[in-house]
Amino acid sequence: MIFAANLKCNHTRSSFKLYANTLNKALESTNDEIIVFPPSIAFLEDKCNFIQGAQNFYPCVNGAFTGEIGKMHLDEFSIKCVLIGHSERRALGDENLIKAKFDFAKEHGFKIIFCIGEDLEIKNQNKTLEFLEKQLKIIDLNYENLIIAYEPIYSIGTGVSATKEDINKVLEFISSLSKAPLLYGGSVNENNIKEILAINHCSGVLIGSAALKVENFIKLIKG
Ligand code: PEP
(Lines give C-alpha, C1' and ligand atoms only; values in the text may rest on other atoms or scores of the structure.)
Protein backbone atom coordinates (compact mmCIF):
# COMPACT_ATOMS: atom_id res chain seq x y z
CA MET A 1 0.00 0.00 0.00
CA ILE A 2 1.02 3.60 -0.54
CA PHE A 3 0.64 6.04 2.35
CA ALA A 4 1.35 9.65 1.40
CA ALA A 5 1.29 12.59 3.81
CA ASN A 6 0.80 16.12 2.55
CA LEU A 7 1.98 18.43 5.32
CA LYS A 8 1.00 21.55 3.35
CA CYS A 9 2.07 24.84 4.98
CA ASN A 10 2.70 23.17 8.36
CA HIS A 11 5.91 22.18 10.15
CA THR A 12 9.22 24.02 10.25
CA ARG A 13 12.73 22.76 9.60
CA SER A 14 13.16 21.85 13.26
CA SER A 15 9.73 20.28 13.78
CA PHE A 16 10.00 18.28 10.55
CA LYS A 17 13.38 16.92 11.66
CA LEU A 18 11.69 15.49 14.75
CA TYR A 19 8.78 14.23 12.62
CA ALA A 20 11.19 12.46 10.25
CA ASN A 21 13.27 10.94 13.07
CA THR A 22 10.20 9.38 14.64
CA LEU A 23 8.88 8.21 11.29
CA ASN A 24 12.25 6.73 10.27
CA LYS A 25 12.33 4.64 13.44
CA ALA A 26 8.76 3.45 12.95
CA LEU A 27 9.49 2.47 9.34
CA GLU A 28 12.56 0.36 9.98
CA SER A 29 10.65 -2.70 8.75
CA THR A 30 7.80 -1.89 6.42
CA ASN A 31 6.77 -3.16 3.03
CA ASP A 32 4.51 -0.20 2.38
CA GLU A 33 5.56 2.78 0.28
CA ILE A 34 5.59 5.88 2.44
CA ILE A 35 5.81 9.34 0.88
CA VAL A 36 5.93 12.60 2.80
CA PHE A 37 5.53 16.06 1.29
CA PRO A 38 7.01 18.55 3.77
CA PRO A 39 7.17 22.29 3.09
CA SER A 40 10.19 22.74 0.81
CA ILE A 41 12.00 24.87 3.39
CA ALA A 42 12.11 21.74 5.57
CA PHE A 43 13.54 19.24 3.05
CA LEU A 44 16.07 16.92 4.67
CA GLU A 45 19.45 16.07 3.20
CA ASP A 46 19.74 12.85 5.24
CA LYS A 47 18.69 9.46 3.94
CA CYS A 48 15.19 8.53 5.11
CA ASN A 49 13.10 5.37 5.34
CA PHE A 50 10.43 7.22 3.41
CA ILE A 51 10.31 9.06 0.13
CA GLN A 52 10.49 12.84 0.39
CA GLY A 53 8.36 14.61 -2.16
CA ALA A 54 7.85 18.21 -3.25
CA GLN A 55 4.42 19.77 -2.79
CA ASN A 56 5.20 22.15 -5.62
CA PHE A 57 7.94 23.19 -8.06
CA TYR A 58 8.33 25.28 -11.16
CA PRO A 59 8.90 23.48 -14.48
CA CYS A 60 12.49 24.65 -14.92
CA VAL A 61 15.93 23.53 -13.86
CA ASN A 62 16.72 27.06 -12.67
CA GLY A 63 16.26 30.56 -14.02
CA ALA A 64 14.60 33.94 -13.63
CA PHE A 65 11.44 32.78 -11.86
CA THR A 66 11.21 34.80 -8.68
CA GLY A 67 10.03 32.85 -5.67
CA GLU A 68 9.99 29.49 -7.42
CA ILE A 69 11.84 26.24 -6.84
CA GLY A 70 13.39 24.43 -9.80
CA LYS A 71 14.78 20.97 -10.41
CA MET A 72 18.25 22.10 -9.37
CA HIS A 73 16.91 22.78 -5.88
CA LEU A 74 15.07 19.47 -5.68
CA ASP A 75 18.20 17.63 -6.84
CA GLU A 76 20.17 19.03 -3.94
CA PHE A 77 17.88 17.07 -1.61
CA SER A 78 17.63 14.04 -3.94
CA ILE A 79 13.91 14.71 -4.35
CA LYS A 80 12.56 12.46 -7.08
CA CYS A 81 8.85 12.68 -6.34
CA VAL A 82 6.40 15.55 -6.90
CA LEU A 83 2.78 16.34 -6.23
CA ILE A 84 0.97 17.96 -9.16
CA GLY A 85 -2.59 19.24 -9.46
CA HIS A 86 -3.57 19.44 -5.81
CA SER A 87 -6.81 21.40 -5.63
CA GLU A 88 -5.23 23.98 -3.33
CA ARG A 89 -2.69 24.71 -6.09
CA ARG A 90 -5.18 24.43 -8.93
CA ALA A 91 -7.01 27.31 -7.25
CA LEU A 92 -3.89 29.47 -7.82
CA GLY A 93 -2.94 28.58 -11.38
CA ASP A 94 -4.22 27.31 -14.69
CA GLU A 95 -4.25 23.98 -16.49
CA ASN A 96 -1.43 25.04 -18.81
CA LEU A 97 0.91 25.31 -15.86
CA ILE A 98 -0.25 21.94 -14.52
CA LYS A 99 0.43 20.37 -17.89
CA ALA A 100 3.84 22.06 -18.12
CA LYS A 101 4.71 20.72 -14.66
CA PHE A 102 3.59 17.22 -15.59
CA ASP A 103 5.56 17.22 -18.86
CA PHE A 104 8.67 18.56 -17.15
CA ALA A 105 8.47 16.05 -14.29
CA LYS A 106 7.91 13.21 -16.75
CA GLU A 107 10.81 14.30 -18.93
CA HIS A 108 13.06 14.16 -15.85
CA GLY A 109 11.74 10.82 -14.60
CA PHE A 110 10.09 12.01 -11.40
CA LYS A 111 7.52 9.91 -9.60
CA ILE A 112 4.37 11.98 -10.01
CA ILE A 113 1.33 11.95 -7.76
CA PHE A 114 -1.25 13.64 -9.94
CA CYS A 115 -4.32 14.87 -8.05
CA ILE A 116 -7.77 15.19 -9.54
CA GLY A 117 -11.13 15.85 -7.96
CA GLU A 118 -14.46 17.51 -8.44
CA ASP A 119 -16.28 20.05 -6.30
CA LEU A 120 -19.75 19.57 -4.85
CA GLU A 121 -21.44 21.46 -7.66
CA ILE A 122 -20.06 19.08 -10.30
CA LYS A 123 -20.92 16.10 -8.13
CA ASN A 124 -24.48 17.28 -7.63
CA GLN A 125 -24.88 17.69 -11.39
CA ASN A 126 -23.76 14.06 -11.84
CA LYS A 127 -20.84 15.24 -13.94
CA THR A 128 -18.05 13.77 -11.83
CA LEU A 129 -16.71 11.22 -14.31
CA GLU A 130 -16.67 13.52 -17.31
CA PHE A 131 -15.00 16.23 -15.21
CA LEU A 132 -12.28 13.84 -14.01
CA GLU A 133 -11.73 12.52 -17.52
CA LYS A 134 -11.11 16.08 -18.66
CA GLN A 135 -8.61 16.65 -15.86
CA LEU A 136 -6.77 13.50 -16.94
CA LYS A 137 -6.77 14.34 -20.64
CA ILE A 138 -3.77 16.66 -20.34
CA ILE A 139 -1.36 14.03 -19.00
CA ASP A 140 0.24 10.82 -20.25
CA LEU A 141 -1.78 8.14 -18.49
CA ASN A 142 0.76 5.49 -19.50
CA TYR A 143 3.70 7.19 -17.77
CA GLU A 144 5.33 4.42 -15.75
CA ASN A 145 6.08 6.60 -12.73
CA LEU A 146 2.56 7.94 -12.36
CA ILE A 147 0.25 7.64 -9.35
CA ILE A 148 -3.21 9.18 -9.56
CA ALA A 149 -4.87 10.54 -6.41
CA TYR A 150 -8.62 11.03 -6.44
CA GLU A 151 -9.33 13.87 -4.02
CA PRO A 152 -12.85 15.26 -4.20
CA ILE A 153 -12.63 18.91 -3.19
CA TYR A 154 -15.67 18.68 -0.92
CA SER A 155 -13.86 16.15 1.25
CA ILE A 156 -10.49 17.87 1.61
CA GLY A 157 -10.03 19.17 5.12
CA THR A 158 -13.73 18.94 5.89
CA GLY A 159 -13.71 15.84 8.08
CA VAL A 160 -16.20 14.20 5.73
CA SER A 161 -14.73 11.72 3.26
CA ALA A 162 -16.47 10.69 0.05
CA THR A 163 -18.69 7.64 0.43
CA LYS A 164 -17.35 4.17 -0.20
CA GLU A 165 -19.73 3.87 -3.17
CA ASP A 166 -18.55 7.13 -4.75
CA ILE A 167 -14.88 6.27 -4.30
CA ASN A 168 -15.50 2.82 -5.73
CA LYS A 169 -17.26 4.22 -8.79
CA VAL A 170 -14.53 6.78 -9.47
CA LEU A 171 -11.59 4.41 -8.98
CA GLU A 172 -13.27 1.86 -11.22
CA PHE A 173 -13.60 4.55 -13.87
CA ILE A 174 -10.00 5.79 -13.58
CA SER A 175 -8.72 2.22 -13.70
CA SER A 176 -10.40 1.85 -17.08
CA LEU A 177 -8.24 4.74 -18.35
CA SER A 178 -4.89 4.04 -16.70
CA LYS A 179 -2.90 1.26 -15.08
CA ALA A 180 -1.35 3.72 -12.60
CA PRO A 181 -1.79 2.96 -8.89
CA LEU A 182 -4.77 4.89 -7.53
CA LEU A 183 -4.98 6.70 -4.20
CA TYR A 184 -7.91 8.24 -2.42
CA GLY A 185 -7.49 11.47 -0.47
CA GLY A 186 -9.93 13.61 1.49
CA SER A 187 -10.49 13.40 5.25
CA VAL A 188 -8.87 10.01 5.63
CA ASN A 189 -8.61 9.20 9.33
CA GLU A 190 -8.36 6.28 11.72
CA ASN A 191 -12.11 5.66 11.54
CA ASN A 192 -12.37 5.29 7.78
CA ILE A 193 -8.94 4.20 6.52
CA LYS A 194 -9.54 0.44 6.68
CA GLU A 195 -12.76 0.69 4.70
CA ILE A 196 -11.11 2.97 2.10
CA LEU A 197 -8.06 0.74 1.63
CA ALA A 198 -10.37 -2.22 1.07
CA ILE A 199 -12.02 -0.56 -1.94
CA ASN A 200 -11.33 -2.21 -5.28
CA HIS A 201 -8.47 -0.55 -7.23
CA CYS A 202 -7.39 1.47 -4.18
CA SER A 203 -3.61 1.24 -3.78
CA GLY A 204 -3.33 3.70 -0.92
CA VAL A 205 -4.20 7.05 0.55
CA LEU A 206 -3.09 10.67 0.47
CA ILE A 207 -3.54 12.16 3.93
CA GLY A 208 -3.51 15.80 5.03
CA SER A 209 -4.76 16.79 8.49
CA ALA A 210 -4.57 13.31 10.00
CA ALA A 211 -0.86 13.06 9.15
CA LEU A 212 0.24 16.36 10.65
CA LYS A 213 1.15 14.63 13.91
CA VAL A 214 3.66 11.90 13.15
CA GLU A 215 2.17 9.57 15.79
CA ASN A 216 -1.19 9.72 14.00
CA PHE A 217 0.41 9.09 10.62
CA ILE A 218 2.26 6.06 12.01
CA LYS A 219 -0.99 4.72 13.50
CA LEU A 220 -2.68 5.03 10.09
CA ILE A 221 0.21 3.23 8.38
CA LYS A 222 0.37 0.44 10.92
CA GLY A 223 -3.42 0.01 10.99
C1 PEP B 1 -5.14 16.85 1.05
O2 PEP B 1 -5.20 18.07 1.13
O3 PEP B 1 -4.47 16.30 0.14
C4 PEP B 1 -5.89 16.05 2.01
C5 PEP B 1 -6.12 14.82 1.71
O6 PEP B 1 -6.28 16.70 3.14
P7 PEP B 1 -7.17 16.12 4.33
O8 PEP B 1 -6.70 14.72 4.63
O9 PEP B 1 -6.97 17.06 5.46
O10 PEP B 1 -8.59 16.11 3.83
Side-chain angles (χ1 to χ4, degrees), residues 1-11 15-16 19 23 32-40 42 50-57 79 81-93 97-98 101-102 105 110-123 128 131-132 135-136 139 146-164 166-168 170-171 174 180-199 201-223:
M1 284 286 165
I2 301 168
F3 295 84
N6 177 13
L7 302 183
K8 309 191 185 188
C9 191
N10 298 289
H11 280 284
S15 75
F16 184 60
Y19 187 108
L23 188 57
D32 295 311
E33 183 169 340
I34 313 299
I35 307 172
V36 181
F37 297 94
S40 46
F50 57 89
I51 296 170
Q52 272 195 112
Q55 294 177 22
N56 188 38
F57 66 99
I79 305 257
C81 174
V82 291
L83 194 63
I84 301 178
H86 191 283
S87 58
E88 288 158 11
R89 295 232 49 104
R90 283 180 188 269
L92 305 173
L97 182 57
I98 292 173
K101 286 180 181 180
F102 181 91
F110 281 85
K111 182 193 285 289
I112 299 173
I113 298 193
F114 190 75
C115 301
I116 55 171
E118 84 283 31
D119 64 18
L120 208 48
E121 202 182 324
I122 302 276
K123 175 177 165 48
T128 295
F131 181 82
L132 299 178
Q135 285 189 316
L136 290 172
I139 65 164
L146 170 67
I147 297 172
I148 300 172
Y150 171 52
E151 296 210 304
I153 295 173
Y154 60 86
S155 72
I156 294 182
T158 59
V160 184
S161 73
T163 63
K164 199 171 89 182
D166 283 341
I167 300 172
N168 187 60
V170 167
L171 297 193
I174 305 172
L182 307 182
L183 310 185
Y184 167 78
S187 295
V188 172
N189 59 43
E190 60 183 326
N191 300 320
N192 58 26
I193 190 164
K194 273 212 175 93
E195 192 175 62
I196 290 168
L197 290 176
I199 293 172
H201 302 294
C202 184
S203 294
V205 282
L206 176 53
I207 309 169
S209 329
L212 290 186
K213 287 196 178 140
V214 69
E215 294 77 15
N216 288 352
F217 186 40
I218 292 167
K219 254 195 225 159
L220 293 175
I221 295 167
K222 302 232 160 165

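No experiment lies behind these values; they were computed from the predicted model shown. Whatever order the structure lists ligands and atoms in, that order sets their numbers, starting from 1.
Each of the atoms 7 (P), 8 (O), 9 (O) of ligand 1 lies under 4.0 Å from some heavy atom of Ser209.
With a heavy-atom cut-off of 4.0 Å, Ile156 touches ligand 1 through backbone and side chain alike.
The shortest side-chain heavy-atom distance between Phe3 and Phe50 does not fall under the 4.5 Å cut-off.
Ionic pairing of Arg90 and Glu151 is not present here: no N-O contact between side-chain nitrogen and carboxylate oxygen is shorter than 4.0 angstrom.
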Please assess Lys101 against Asn56 for the test side-chain hydrogen bond (donor to acceptor under 3.5 Å, both in side chains), listing each intermediate value before the final yes or no. CA-CA 9 Å; Lys101 286 180 181 180; Asn56 188 38; 2.6 Å; yes
Test side-chain contact (heavy atoms from CB on, under 4.5 Å) on Val36 and Phe16 and set out the steps. CA-CA 10 Å; Val36 181; Phe16 184 60; 3.8 Å; yes
Yes or no on side-chain contact (heavy atoms from CB on, under 4.5 Å) for Phe131 and Ile116, after CA distance, side-chain angles and deciding distance? CA-CA 9 Å; Phe131 181 82; Ile116 55 171; over 6 Å; no
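Among all non-hydrogen protein atoms, the one lying nearest atom 2 (O) of ligand 1 is Lys8 NZ, 2.5 Å. For atom 5 (C) of ligand 1, the closest non-hydrogen atom on the protein side is Glu151 OE2, 3.1 Å. Closest to atom 1 (C) of ligand 1 among all protein heavy atoms lies His86 NE2, 3.2 Å.
Of all heavy-atom pairs between Gly157 and Ser209, the closest is CA-OG, 4.4 Å.
Using a non-hydrogen distance threshold of 4.0 Å, Ser155 registers as a contact of ligand 1. Residue Ala210 places no heavy atom under 4.0 Å from ligand 1.
Inclusion of Gly157 in the set of residues having an N or O under 3.5 Å from an N or O of ligand 1 is warranted. Checking only distances, Gly208 does come within under 3.5 Å of ligand 1, N or O to N or O. Ligand 1 has an N or O atom lying under 3.5 Å from an N or O atom of Ser187, backbone or side chain.
The closest side-chain donor-acceptor pair between Tyr150 and Glu118 falls under 3.5 angstrom.
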